There are 2 protein chains.
Amino acid sequence: MHNRPKNRKQQIIALGLDFLQTHGYENFSYQDISRELGITKASIHHHFPKKCDLGIALCEAIEEWHENQFRELRHNQTSALETLQTYMDQLATYVVGESRVCPLSSLQSDITLLPDAMYQAIKRLDQHEIDFIAEQLERGREAGELHFQGESENQALIVVLSCKGALQYARIHGDKVFSDTVKQLLSSMKQ
Amino acid sequence: MHNRPKNRKQQIIALGLDFLQTHGYENFSYQDISRELGITKASIHHHFPKKCDLGIALCEAIEEWHENQFRELRHNQTSALETLQTYMDQLATYVVGESRVCPLSSLQSDITLLPDAMYQAIKRLDQHEIDFIAEQLERGREAGELHFQGESENQALIVVLSCKGALQYARIHGDKVFSDTVKQLLSSMKQ
DNA sequence: GTCTATAAATGGATAGAC
DNA sequence: GTCTATCCATTTATAGAC
């Protein structure tokens with residue numbers, strides 16, 4: 001997902017994120033990870049005693065990734081439209097090669113089975129993302145660059161939900177669904 | 001999901017749909033169903049020898065539901081806008097009470113683990129739904145009632161993906177997410 | 001159609017040696 | 001940090017009696 005893993009713990013998290021995006025949280029096991037790393041299940045339990053410990057670590061990894069992404073996008077000082085375009089381009093990298101979805105979407109699918117600590121983390125991550133997109137939309141509207149009705153938070157819902165959903169659909173119907181969705185979203189706001 | 005179940009087989013399918021919407025396909029077991037019905041697992045296996053047999057039956061139930069819903073909506077002869085509103089109102093019934101999502105969304109989440117027969121069925125169901133919404137959007141645009149750019153198939157993606165995604169978010173962030181999404185979608189097309 | 005019984009595999013988890 | 005060994009519960013699935 002981002003950096004090269006150095007130690008075992010980071011390797012496990014990186015692999016966990018990959019399984020999360022391809023199979024889902026409840027559909028991967030310590031055995032899957034241990035097989036891939038060539039070590040035993042017990043070794044994984046040494047780093048993450050319970051699966052929910054790994055789950056929390058995955059949430060933290062996503063949070064770190066969000067923070068880096070959003071900080072960088074803000075620092076680039078590009079227009080709101082370009083910033084949104086880059087955000088979507090980065091989402092699109094999930095699709096290349098294997099069929100991956102957003103890790104946050106995957107966690108949402110299993111939400112009814114997750115412990116409260118994970119639930120709270122997911123809720124925060126969702127809000128963080130919506131807030132960032134709403135901020136960009138508002139900035140673009142004030143600059144006369146983007147056009148939409150109502151509150152930017154509600155338009156942010158349309159943008160984020162469509163993009164995340166398109167990643168899911170792309171696994172079944174092909175990558176074109178994602179690019180078509182992005183094109184439609186952006187063209188509708190350019191007026 | 002719709003009719004009152006008469007025989008065991010229909011009871012199992014009805015319960016299966018409920019578990020599909022609340023826990024996901026890979027996250028419910030024959031034990032869950034048998035406990036709920038007060039019979040043994042072996043009895044469930046009598047009706048559906050393998051879990052994928054039940055999975056196919058669930059897809060067929062969704063297909064039947066789609067067909068009834070779309071036929072009725074077309075038969076009502078209401079305006080495109082009213083038809084879309086009714087479609088979304090019916091999706092909203094998932095949200096009331098317990099936290100359910102669209103059964104098709106649930107199946108999509110587990111797509112990488114499903115047998116080919118289920119994969120093909122899901123693909124067809126998705127396409128059927130997008131086609132119906134695209135048809136309504138096109139009709140509304142021709143009547144001068146709805147306004148959007150580009151092809152109606154692409155706009156249908158925005159509508160369907162946003163609504164399905166909103167159901168997922170509503171489980172975490174509350175029902176308001178869904179009504180806000182619907183409001184934003186419709187107001188953006190009323191111009 | 002439903003039951004008991006059972007099989008074989010998998011999943012999460014722990015104890016203790018190296 | 002990693003291993004062997006083991007535990008217990010669950011899951012899918014089958015055989016055969018009632």
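All values derive from a computational prediction rather than experimental measurement. In what follows, chains are A, B, ... by sequence order, proteins preceding strands, each numbered from 1. Side chains included, hydrogens not; waters and symmetry mates left out as well; all remaining heavy atoms used.
If one axis is set at each end of the helix from C:dG1-D:dC18 to C:dC18-D:dG1 from five pairs, those axes are 10° apart, to 10°.
With distances taken from any side-chain atom of A:Ile39 to the nucleotides C:dT14, D:dT14, D:dT2, the minimum falls on D:dT2. When each of D:dG1, C:dG11, C:dG1 is scored by its nearest atom to the side-chain atoms of A:His46, the top-ranked nucleotide is D:dG1. Of all nucleotides listed (D:dT10, D:dT12, C:dT14), D:dT12 comes nearest to the side chain of B:Lys51. Relative to the side chain of A:Ser43, the nucleotides C:dA13, C:dT2, D:dT2 differ in distance, and D:dT2 lies closest. Closest to the side chain of A:Lys50, from the set D:dG1, D:dA13, C:dT14, is C:dT14.
Judged purely by atom type and a 3.5 angstrom limit, B:Thr181 has no side-chain atom pairing as donor or acceptor with the backbone of B:Ser162. Looking only at distances, no side-chain donor or acceptor of B:Glu63 sits under 3.5 Å from a matching main-chain atom of B:Ala121. For A:Asn154 (side chain) and B:Asp180 (main-chain N/O), no donor-acceptor pair under 3.5 Å exists by modelled atom type. Although no hydrogens or angles enter the test, the distance criterion places a donor-acceptor pair under 3.5 Å between the side chain of B:Asn27 and the main chain of B:His23.
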Open item on the list: Walk me through whether B:Ser79 and B:Glu145 qualify under side chain to side chain contact (heavy atoms under 4.5 Å, CB included).
Closed with: CA-CA 8 Å; B:Ser79 73; B:Glu145 184 187 28; 3.0 Å; yes
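With respect to B:Lys164 and B:Glu129, a salt bridge is recorded, a charged nitrogen being found less than 4.0 Å from a carboxylate O. A salt bridge is defined here as a Lys NZ or Arg NE, NH1 or NH2 lying under 4.0 Å from an Asp or Glu carboxylate O, and B:Glu142 with B:Arg139 fails to meet this definition.
Here A:His45 does not reach the OP1 or OP2 of D:dG1: none of its side-chain N or O atoms lies under 4.0 Å away. Between C:dT10 and A:Gln31, no contact under 4.0 Å exists linking OP1 or OP2 to a side-chain N or O. The phosphate of D:dT11 has OP1 or OP2 within less than 4.0 Å of a side-chain N or O from B:Ser29.
The nearest whole Å value for the distance from the CD1 atom in A:Ile33 to the C1' atom in C:dA13 is 15 Å. The interatomic distance linking B:His23 (NE2) with D:dT10 (P) rounds to 14 Å, in whole Å. If you take CD1 of B:Ile44 and P of D:dT14, they are 15 Å apart, rounded to a whole angstrom. Between the C1' atom of D:dT11 and the CG atom of B:Leu54 lies a distance of 14 Å, rounded to the nearest Å. Rounded to an integer number of Å, the gap from B:Asn7 CG to C:dT2 C1' is 15 Å. Residue B:Leu37 contributes atom CG, which lies 15 Å from atom C1' of C:dC3 at whole-angstrom precision. Atom C1' of nucleotide D:dG1 and atom CZ of A:Arg8 are separated by 9 Å, given to the nearest angstrom. For B:Asp32 and D:dT12, the CG to C1' distance is 13 Å, given to the nearest whole Å.
As judged by a 4.0 angstrom heavy-atom cut-off over every strand, B:Phe28 is placed among residues touching the sugar-phosphate backbone only. Note on B:Lys41: a base of the nucleic acid sits closer than 4.0 angstrom, heavy atoms only. Using a 4.0 Å heavy-atom criterion, one finds that A:Thr40 contacts the bases of the nucleic acid, with or without backbone contacts as well.
Counted by atom type alone, B:Glu82 and B:Asn76 present zero donor-acceptor pairs between their side chains at under 3.5 Å.
Within a 6.0 Å sphere centred on CD of A:Glu151, other residues, nucleotides and ligands contribute 12 heavy atoms or fewer.
A:His128 has its ring centre less than 6.0 Å from the ring centre of A:Phe70.
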Give me, pair by pair, the N or O atoms of the protein and of nucleotides 16-18 of chain D that are less than 3.5 Å apart, along with how far apart they are.
none

